[in-house]
Amino acid sequence: ETAQVIDSGKIVNCFYANMFANNKNVKSLFNQSHQREGSQPKALADAICAYAVNIDDLSVLGPAVTRIAHKHCAFNIQPEHYPIVGESLLGAIKETHDVNQLVLDCWGKAYGDLAEVFVNVEEEIYTSHEEAVGGWRGFKKWTVAKKVVESDCVTSLYFTCDDTVPLYLPGNYITVKSGLLDEDDVEIAPRNYSLSDWSTDHLRISVKRELAPEPDMSDGVHSTWVHDVVQEGDKVEISYP
């Protein structure tokens with residue numbers, strides 16, 4: 001019943017605006033392009049609705065939790081990030097809805113329970129990555145051993161390291177940190193790239209240059225970085241596949 005008084009569509013824009021204003025460092029965990037397009041706020045709204053509808057049987061959300069947890073691990077989300085999100089979510093509910101403290105307390109409890117689920121699932125994923133052959137936790141510096149211009153719009157990077165290269169499975173991707181900063185001097189969120197080649201001595205990604213869709217817009221920041229900035233011999237932080 002508590003869930004029925006909440007309109008997730010009203011919450012999300014307020015939630016993100018307040019969270020980024022009060023916690024600039026977490027901007028590096030969110031793709032700002034998805035923010036501008038509206039896809040990330042919509043995904044959050046859908047997740048809030050799904051959670052509220054299935055609050056009495058969270059097992060229904062199992063597949064979604066697993067999928068989201070893998071995305072979180074690709075960005076190295078940590079337990080300490082969840083209270084920031086929770087505080088911002090409750091603040092957005094209070095700001096956009098005329099609700100009493102009981103409703104806020106219920107949502108706080110519900111969010112805390114869901115956060116605990118994610119923290120536990122993500123710890124299992126991090127541990128499996130760390131214990132895998134050639135595995136590691138979070139991000140690790142690899143060397144750009146080779147850069148190949150495949151065409152006018154596609155460039156490939158070959159990553160190597162001194163340790164064993166982890167096993168590749170079809171559909172695997174890695175998350176790549178550029179180290180670039182935004183206008184607030186906050187690191188820009190990393191990007192996910194599918195592996196286009198694998199061997200026992202390298203991982204490869206092939207990146208298409210993202211041109212600005214409109215004259216007054218900028219080309220894709222990360223693809224421009226790959227095409228124009230990264231050089232052979234550079235050290236780049238990447239996630240476990």
Side-chain angles (χ1 to χ4, degrees), residues 3 6-9 11-20 23 25-93 107-132 135-139 169-177 187-195 222 237-241:
I6 298 299
D7 181 348
S8 60
I11 295 172
V12 289
N13 290 330
C14 175
F15 161 78
Y16 280 116
N18 291 347
M19 183 171 68
F20 294 150
N23 305 275
N25 287 339
V26 301
K27 286 179 63 179
S28 64
L29 304 175
F30 294 85
N31 186 325
Q32 296 302 308
S33 295
H34 293 169
Q35 290 291 318
R36 289 188 292 271
E37 296 165 359
S39 58
Q40 200 157 47
K42 182 180 184 301
L44 176 62
D46 291 345
I48 292 172
C49 289
Y51 182 54
V53 170
N54 296 285
I55 191 72
D56 293 324
D57 184 13
L58 294 181
S59 63
V60 176
L61 302 179
V65 167
T66 300
R67 183 179 67 255
I68 295 170
H70 276 282
K71 291 182 179 180
H72 285 179
C73 289
F75 277 60
N76 200 29
I77 300 297
Q78 297 297 313
E80 57 265 27
H81 294 134
Y82 283 94
I84 296 173
V85 173
E87 181 180 349
S88 300
L89 176 62
L90 294 180
I93 292 174
W107 269 101
K109 174 65 166 58
Y111 173 80
D113 291 345
L114 183 61
E116 183 177 1
V117 170
F118 273 110
V119 167
N120 291 336
V121 172
E122 287 157 14
E123 177 57 30
E124 292 177 1
I125 295 171
Y126 285 130
T127 299
S128 69
H129 289 176
E130 196 170 27
E131 295 178 348
W136 67 94
R137 176 184 288 254
F139 287 93
L169 295 175
N172 274 172
Y173 64 87
I174 58 174
T175 306
V176 180
K177 297 180 74 171
E187 186 173 351
I188 292 174
R191 295 293 190 271
N192 298 331
Y193 295 108
S194 296
L195 292 173
H222 268 261
E237 289 187 83
I238 66 175
S239 71
Y240 183 84

Engineer: As an exercise, state the distance from OH of Tyr111 to CD1 of Ile93, rounded to the nearest 0.5 Å.
Structural biologist: 11.0 Å

Engineer: In Å, rounded to the nearest 0.5 Å, how long is the span from CD of Glu87 to CZ of Phe15?
Structural biologist: 11.0 Å

Engineer: Please identify each residue that fulfils side-chain hydrogen bond (donor to acceptor under 3.5 Å, both in side chains) with Lys109, with sequence neighbours left out.
Structural biologist: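 By the side-chain hydrogen bond (donor to acceptor under 3.5 Å, both in side chains) rule, Lys109 matches Asp113.
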
Engineer: Could you state the interatomic distance from CG (Leu89) to OH (Tyr16), rounded to the nearest 0.5 Å?
Structural biologist: 10.0 Å

Engineer: Between Pro190 and Ser28, what is the shortest heavy-atom contact and its length?
Structural biologist: CD-O, 3.4 Å

Engineer: Can you tell me how far CD1 of Ile11 sits from CG of Leu90, rounded to the nearest 0.5 angstrom?
Structural biologist: 9.5 Å

Engineer: Is there side-chain contact between Pro241 and Ile174, with at least one heavy-atom pair below 4.5 Å?
Structural biologist: yes

Engineer: Who passes side-chain hydrogen bond (donor to acceptor under 3.5 Å, both in side chains) against Asn25, sequence neighbours left out?
Structural biologist: none

Engineer: Looking at the rings of Phe75 and Phe30, which for Trp means the six-membered one, are their centres under 6.0 Å apart?
Structural biologist: no

Engineer: side-chain hydrogen bond (donor to acceptor under 3.5 Å, both in side chains) with Lys27: which residues, sequence neighbours excluded?
Structural biologist: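 Residues passing side-chain hydrogen bond (donor to acceptor under 3.5 Å, both in side chains) with Lys27: Asp182, Asp184.
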
Engineer: Using a 4.5 Å cut-off on heavy atoms from C-beta on, say whether the side chain of Val65 contacts that of Phe118.
Structural biologist: yes

Engineer: Which value, rounded to the nearest 0.5 Å, describes the distance between Ser239 atom OG and Phe139 atom CZ?
Structural biologist: 5.5 Å

Engineer: Show me the side-chain donor-acceptor pairs of residues 119-126 shorter than 3.5 Å, one per line, residues at least two apart or across chains.
Structural biologist:
{"residue": "Asn120", "atom": "ND2", "partner": "Glu116", "partner atom": "O", "Å": "3.2"}
{"residue": "Glu122", "atom": "OE1", "partner": "Tyr82", "partner atom": "OH", "Å": "3.0"}
{"residue": "Glu122", "atom": "OE2", "partner": "His72", "partner atom": "ND1", "Å": "2.7"}
{"residue": "Glu122", "atom": "OE2", "partner": "Tyr82", "partner atom": "OH", "Å": "2.7"}
{"residue": "Glu123", "atom": "OE1", "partner": "Arg137", "partner atom": "NH1", "Å": "3.3"}
{"residue": "Glu123", "atom": "OE2", "partner": "Thr127", "partner atom": "OG1", "Å": "3.0"}
{"residue": "Glu123", "atom": "OE2", "partner": "Arg137", "partner atom": "NH2", "Å": "3.0"}
{"residue": "Tyr126", "atom": "OH", "partner": "Ile77", "partner atom": "N", "Å": "3.0"}
{"residue": "Tyr126", "atom": "OH", "partner": "Ile77", "partner atom": "O", "Å": "2.7"}

Engineer: Looking at Pro83 and Pro79, what are the two nearest heavy atoms and their distance?
Structural biologist: CD-O, 3.2 Å

Engineer: Quick check: closest heavy atoms across Ile84 and Met19, and the distance to 0.1 Å?
Structural biologist: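 Shortest heavy-atom contact: CG2-CG, 4.1 Å.
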
Engineer: What pair of heavy atoms forms the shortest contact from Val26 to Phe20, and how long is it?
Structural biologist: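 Val26 and Phe20 have their closest heavy atoms at CG2-CD2, 4.1 Å.
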
Engineer: Which heavy atom of Trp136 sits nearest to which heavy atom of Ile238, and what is that distance?
Structural biologist: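 Closest approach of Trp136 to Ile238, heavy atoms only: NE1-O, 3.3 Å.
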
Engineer: Quick one: pull up OG in Ser88 and CG in Asn23 and give me the separation to the nearest 0.5 Å.
Structural biologist: 5.5 Å

Engineer: Gln78: which residues meet the side-chain hydrogen bond (donor to acceptor under 3.5 Å, both in side chains) condition with it, sequence neighbours left out?
Structural biologist: Asn76

Engineer: For His129, what residues pass the ring pair (Phe, Tyr, Trp, His ring centres under 6.0 Å) criterion, not counting sequence neighbours?
Structural biologist: Tyr240

Engineer: Would you say the side-chain atoms of Thr175 and Asn192 include a donor-acceptor pair closer than 3.5 Å?
Structural biologist: yes

